[in-house]
Chemist: 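One structure follows; several queries about it will come next.
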Amino acid sequence: MDRTDTPGMRKRLMSEQSSRPPERPGEIDIASRATVAYSSEDPAHPLEHLIDGHYGRGSTHWASARTNATERIVLEFDRPQQISCLVYEVEECRQEHTQEVRVEVSSDQGHTYRQVLVQEYTFSPQGAIFQHEELRLELPAITHLSLTIVPDKSGSGVATLTALRLFA
């Protein structure tokens, strides 16, 4: 069942079967080109915050509704997309933990995926609290892009992402 809580963005819980213009040349408007499937969201930090055009320290963010749970977000593109750059940000100011982010892509409507990134970040309120990743890619015809977030590689925590941006 599809849900449309915000005009312009289509989303649905994975258990279930207003977009801003691009900020930079070549930026893909995710809200208008994909359905975003997700495993969980905190109502105070909904999925829309991930692609709302706010990024950098102190920005809005998506957060899981579950503690110590691996979460998944999948962009299901309407038409295959060429992706040359993926940018995402993570900020954690409150709790020390190590979060892992895995990015996988599919060119066959989500039947098979190949991994393009696995990255771990250790956050500490007294030290590192923000991570910005910019990954250059050569992906010619992507139908699905999957992010898996493991919030508790050490300690405990909630999966969070501050921003997700894609470029053709």
Side-chain angles (χ1 to χ4, degrees), residues 3-14 18-77 81 83-104 116-137 145-153 155-168:
R3 294 176 42 194
T4 55
D5 297 329
T6 299
M9 180 175 172
R10 295 165 289 149
K11 67 179 191 178
R12 67 173 174 79
L13 278 166
M14 282 190 192
S18 118
S19 68
R20 294 172 54 110
E23 299 285 330
R24 220 166 75 180
E27 186 165 359
I28 295 170
D29 183 352
I30 295 170
S32 70
R33 294 189 186 182
T35 297
V36 183
Y38 61 101
S39 55
S40 169
E41 72 178 0
D42 177 340
H45 303 286
L47 195 60
E48 288 85 347
H49 288 176
L50 188 58
I51 61 170
D52 66 3
H54 298 103
Y55 39 88
R57 294 174 191 252
S59 295
T60 59
H61 65 278
W62 161 81
S64 167
R66 307 179 295 179
T67 303
N68 300 333
T70 297
E71 301 293 354
R72 192 161 175 233
I73 298 169
V74 179
L75 306 181
E76 302 168 340
F77 294 107
Q81 298 292 305
I83 299 173
S84 65
C85 182
L86 177 145
V87 177
Y88 71 91
E89 297 176 344
V90 184
E91 183 173 31
E92 175 57 67
C93 303
R94 297 178 308 267
Q95 187 171 354
E96 185 165 329
H97 67 102
T98 299
Q99 178 168 289
E100 178 182 278
V101 176
R102 291 191 303 263
V103 179
E104 299 173 304
V116 295
L117 174 74
V118 176
Q119 187 70 48
E120 288 185 4
Y121 309 100
T122 300
F123 296 101
S124 169
Q126 296 78 32
I129 62 168
F130 183 80
Q131 183 65 42
H132 172 94
E133 278 297 324
E134 189 162 327
L135 182 63
R136 299 288 175 193
L137 304 164
L145 185 138
S146 172
L147 294 109
T148 303
I149 304 98
V150 181
D152 60 348
K153 295 285 287 185
S156 66
V158 171
T160 64
L161 289 176
T162 302
L164 175 64
R165 301 171 74 195
L166 300 175
F167 297 86

Chemist: Tell me whether Glu76 contacts the main-chain N or O of Ala37 through its side chain, where contact means a donor paired with an acceptor under 3.5 Å.
Modeler: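 No, the answer is negative, given that no donor and acceptor are paired below the 3.5 Å cut-off.
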Chemist: Are any side-chain N or O atoms of Ser39 and backbone N or O atoms of Arg72, one a donor and one an acceptor, separated by less than 3.5 Å?
Modeler: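 Checking the backbone N and O of Arg72 against the side chain of Ser39, a donor-acceptor pair under 3.5 Å is found.
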Chemist: Would you confirm whether Thr160, through its side chain, and Trp62, through its main-chain N or O, come within 3.5 Å as a donor-acceptor pair?
Modeler: no
Chemist: Strictly distance-based, threshold 3.5 Å: is any side-chain N or O of Glu71 a donor or acceptor partner for the main-chain N or O of Tyr38?
Modeler: no
Chemist: Assess the residue pair Gln119 and Glu133 against the criterion (side-chain contact (heavy atoms from CB on, under 4.5 Å)); give the C-alpha distance rounded to whole Å, side-chain angles, the decisive distance to 0.1 Å, and a yes or no.
Modeler: CA-CA 9 Å; Gln119 187 70 48; Glu133 278 297 324; 4.2 Å; yes
Chemist: Rounded to the nearest 0.5 Å, what separates atom CD in Glu91 from atom CZ in Arg57?
Modeler: 7.0 Å
Chemist: Do Glu100 side-chain atoms and Val150 backbone N/O form a donor-acceptor pair below 3.5 Å?
Modeler: no
Chemist: Just verifying a value: how many Å separate Ile51 CD1 and Met9 CE, rounded to the nearest 0.5 Å?
Modeler: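 Going from the CD1 atom of Ile51 to the CE atom of Met9 covers 4.5 Å.
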Chemist: Going by heavy atoms in the side chains, are Phe77 and Leu145 under 4.5 Å from each other?
Modeler: yes
Chemist: Which residue is it: Leu50, Val36, Leu47? I am looking for the one with a side chain to side chain contact (heavy atoms under 4.5 Å, CB included) to Leu164.
Modeler: Leu50
Chemist: For the pair Leu75 and Ile30, evaluate side-chain contact (heavy atoms from CB on, under 4.5 Å) and give the outcome as yes or no after the intermediate values.
Modeler: CA-CA 8 Å; Leu75 306 181; Ile30 295 170; 3.9 Å; yes
Chemist: Using modelled atom types and a 3.5 Å cut-off, is there a donor and acceptor pairing between side-chain atoms of Ser40 and backbone atoms of Ala65?
Modeler: yes
Chemist: Could you give the distance from NZ (Lys11) to CD1 (Ile73), rounded to the nearest 0.5 Å?
Modeler: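 The CD1 atom of Ile73 is 10.5 Å from NZ of Lys11, to the nearest 0.5 Å.
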Chemist: Tell me, do Gln81 and Leu166 make a side-chain contact under 4.5 Å, heavy atoms counted?
Modeler: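 No - every pair of side-chain heavy atoms lies 4.5 Å or more apart.
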Chemist: Return the CG to OG distance between Leu161 and Ser64, rounded to the nearest 0.5 Å.
Modeler: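 Result: 10.5 Å between the selected atoms.
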Chemist: Relative to the ring of Tyr121, is the ring of Phe123 parallel (under 30°), tilted (30 to 60°) or perpendicular (over 60°)?
Modeler: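 Judged by the thresholds at 30° and 60°, the geometry between Phe123 and Tyr121 is tilted.
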Chemist: When rounded to the nearest 0.5 angstrom, what is the spacing between OG1 in Thr162 and CD in Glu89?
Modeler: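 If we round to the nearest 0.5 Å, Thr162:OG1 and Glu89:CD are 6.5 Å apart.
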Chemist: What is the minimum heavy-atom distance between Pro151 and Ala69, and which atoms define it?
Modeler: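 Smallest heavy-atom distance, with atoms named: CD-O, 3.3 Å.
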Chemist: Once rounded to the nearest 0.5 Å, what's the spacing between atom SG of Cys85 and atom CD1 of Ile28?
Modeler: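 Answer rounded to 0.5 Å: 10.0 Å.
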Chemist: Show the nearest heavy-atom pair for residues Phe130 and Gly56, with the distance to one decimal.
Modeler: CE1-C, 3.6 Å
Chemist: Specify the closest pair of heavy atoms between Ser84 and Ala168, including all atoms of both residues, with the distance to one decimal.
Modeler: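 Heavy-atom minimum between the residues: OG-O, 2.7 Å.
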Chemist: Between Thr122 and Ser124, is the side-chain contact (heavy atoms from CB on, under 4.5 Å) condition met? List the steps.
Modeler: CA-CA 7 Å; Thr122 300; Ser124 169; 5.7 Å; no
Chemist: So do the side chains of Ile149 and Gln99 get within less than 4.5 Å of each other, counting heavy atoms only?
Modeler: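 A side-chain contact exists here, since the closest heavy-atom pair is under 4.5 Å.
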